[in-house]
Trainee: 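My questions all concern the structure below.
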There are 2 protein chains.
Amino acid sequence: MRNTLADVVAAALRVLDAQGLENCSMRRVAAELQVQPSALYHHVPDKQSLLALMADEIVAGVLPGPAPGAERGGGGRARDICLALRAAMLGIRDGADVVATAAAFRLGASAVEQALAALVGADGARTLLLYTFGHAQSTQTHRQAAAFGALVGAATADPAPGSELEASFGRGLDIILAGLRAGGSGA
Amino acid sequence: MRNTLADVVAAALRVLDAQGLENCSMRRVAAELQVQPSALYHHVPDKQSLLALMADEIVAGVLPGPAPGAERGGGGRARDICLALRAAMLGIRDGADVVATAAAFRLGASAVEQALAALVGADGARTLLLYTFGHAQSTQTHRQAAAFGALVGAATADPAPGSELEASFGRGLDIILAGLRAGGSGA
DNA sequence: ACCTGAACACCGTTCAAGT
DNA sequence: ACCTGAACACCGTTCAAGT
């Protein structure tokens with residue numbers, strides 16, 4: 001039973017979640033499939049392409065998201081999309097890094113950005129996306145640092161860093177959405 | 001004349017600008033200094049620490065920045081800081097990646113974030129910073145893609161992508177600042 | 001179509017030893 | 001204090017060859 005492209009992507013995501021991005025090498029993905037490293041190049045031209053496919057998989061399912069409540073404006077819907085995107089990225093180890101890096105290569109092309117642009121305009125969509133990527137990345141970095149600190153046995157000053165970061169994300173989102181309502185772009 | 005830590009950081013920044021982050025290896029930095037790779041470990045514990053020092057160097061000089069115009073509010077001053085930070089990161093190849101990665105590790109600790117927080121509050125500062133990092137990163141990625149396209153000889157659809165991205169950055173900044181004026185955080 | 005086996009040109013980091 | 005030389009355990013990618 002030879003492998004398919006979907007098998008390769010799934011194996012790569014398993015390695016990513018288990019070992020982290022830094023250890024997610026072509027060689028380890030190949031080992032996960034019990035195959036020689038060179039076999040991967042039959043399915044994928046290079047590592048960067050594999051990472052892009054992994055990013056697509058991580059983000060898949062963010063849209064259509066919760067049914068659009070008819071009584072809410074585009075801002076509320078945009079807020080839901082950003083929360084769902086964040087949850088999807090945080091759902092897998094180093095997911096934010098993978099998505100942010102791959103997305104940067106083709107900002108403007110993703111379905112998520114187009115959905116946001118339809119709701120709040122192109123500038124608003126870009127601002128919301130970049131903020132969401134950045135905040136998720138820094139959340140994940142802090143988590144890793146916290147996990148490392150716990151391993152080392154360092155005293156953890158923050159009793160509930162997760163919920164504070166969660167709340168911080170929502171407040172930043174509200175700042176941007178308020179700016180959009182106020183016509184911050186000068187429009 | 002043996003090398004000092006400052007020599008190592010300077011050499012690393014030269015390699016970064018000339019070869020890009022992907023080729024900025026410890027071995028190449030050592031070669032730039034005409035020294036064995038192992039010699040670097042006398043000055044720096046590991047590559048990550050070297051990258052952090054490089055990030056500090058790139059951002060150094062963003063503050064104090066232009067003298068605070070007394071007649072302008074904190075928003076205008078915050079806007080200047082973000083523009084200066086962006087310019088500093090774009091001033092060196094892959095500078096945005098280096099700074100964003102290193103800064104993520106200690107968000108809340110940087111002088112730039114503290115200066116912004118004093119002007120627009122902690123949530124506003126974080127929102128502005130994450131947006132600035134993210135936008136600079138995607139600007140640099142697009143530049144690389146454009147440079148690669150030019151090398152390959154692909155038709156470039158956008159005649160002046162630089163200025164459009166520049167303007168786009170300013171508009172996003174204005175959205176966030178308008179949100180802060182509107183009290184977007186619910187305050 | 002999918003994979004093996006072997007190779008090429010690299011990595012980061014450690015460590016004993018030199019001056 | 002700063003560096004050399006050699007080694008260890010890895011990388012991504014290519015390519016001829018097998019089935």
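Naming: A, B, ... by sequence-line order, numbering from 1 per chain.
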Trainee: Choose from D:dT13, D:dG5, D:dA1 the nucleotide whose nearest atom is closest to any side-chain atom of A:Pro37.
Mentor: D:dT13
Trainee: How long is the line joining CZ of B:Arg28 and P of C:dA9, in whole Å?
Mentor: 14 Å
Trainee: Which whole number of Å gives the distance between the P atom of C:dC10 and that of D:dA9?
Mentor: 22 Å
Trainee: Of the nucleotides D:dG12, D:dT4, D:dC3, which one has an atom closest to the side chain of B:Arg2?
Mentor: D:dC3
Trainee: Is B:Ser25 side chain donor-acceptor paired with the C:dG12 base, going by distance under 3.5 Å alone?
Mentor: no
Trainee: Which whole-number value in Å describes the distance from B:Asn23 CG to D:dC11 C1'?
Mentor: 14 Å
Trainee: Which listed nucleotide (C:dT13, D:dG5, C:dT4) is nearest to the side chain of B:Gln36?
Mentor: D:dG5
Trainee: Rounded to whole Å, how long is the line connecting atom CE of A:Met26 with atom P of D:dT13?
Mentor: 6 Å
Trainee: Counting only Watson-Crick pairs (N1-N3 plus N6-O4 or O6-N4) and G-U wobbles (N1-O2, O6-N3), all under 3.5 Å, who is the partner of D:dC10?
Mentor: none
Trainee: Salt-bridged, A:Lys47 to B:Glu22, with N to O below 4.0 Å?
Mentor: no
Trainee: Does a salt bridge link B:Arg93 with B:Asp17, judged by any charged N lying under 4.0 Å from a carboxylate O?
Mentor: no
Trainee: Pairing check on C:dG5: which nucleotide meets the Watson-Crick or G-U wobble criteria with it, both distances under 3.5 Å?
Mentor: D:dC15
Trainee: Compare the minimum distances between each of C:dG12, D:dT4, D:dA1 and the side chain of B:Ala39, then state the nucleotide with the smallest one.
Mentor: D:dT4
Trainee: Of the listed nucleotides (D:dT13, D:dT4, C:dG12), which one gets closest to any side-chain atom of A:Lys47?
Mentor: D:dT13
Trainee: Answer yes when A:Arg171 and A:Glu164 have at least one side-chain N-carboxylate O distance shorter than 4.0 Å, and no when they do not.
Mentor: yes
Trainee: Could you tell me the separation between the CZ atom of A:Arg27 and the P atom of C:dC11, rounded to a whole number of Å?
Mentor: 15 Å
Trainee: If you assign each of B:Asp46 and A:Ser38 to its closest nucleotide in DNA chain C, which residue comes earlier from the 5' end?
Mentor: A:Ser38
Trainee: What is the distance from CD of B:Glu32 to P of D:dC3, rounded to the nearest Å?
Mentor: 14 Å
Trainee: Side chain of A:Tyr41 only, heavy atoms from C-beta on: which candidate in C:dG5, C:dT14, D:dG12 is closest?
Mentor: D:dG12
Trainee: Take the protein atom CG of A:Leu50 and the nucleotide atom P of D:dC11, then report the distance between them rounded to whole Å.
Mentor: 15 Å
Trainee: Got a second to check how far B:Leu173's CG is from B:Leu83's CG, nearest 0.5 Å?
Mentor: 6.0 Å
Trainee: Is any side-chain N or O of A:Asn3 closer than 4.0 Å to OP1 or OP2 of C:dC2?
Mentor: no
Trainee: Rounded to whole Å, how long is the line connecting atom CD of A:Glu22 with atom C1' of D:dC10?
Mentor: 12 Å
Trainee: Salt-bridge test for B:Arg2 and B:Asp7: reply yes if a basic N is under 4.0 Å from a carboxylate O, no otherwise.
Mentor: no
Trainee: Whole-Å distance between C:dA1 P and A:His43 NE2?
Mentor: 12 Å
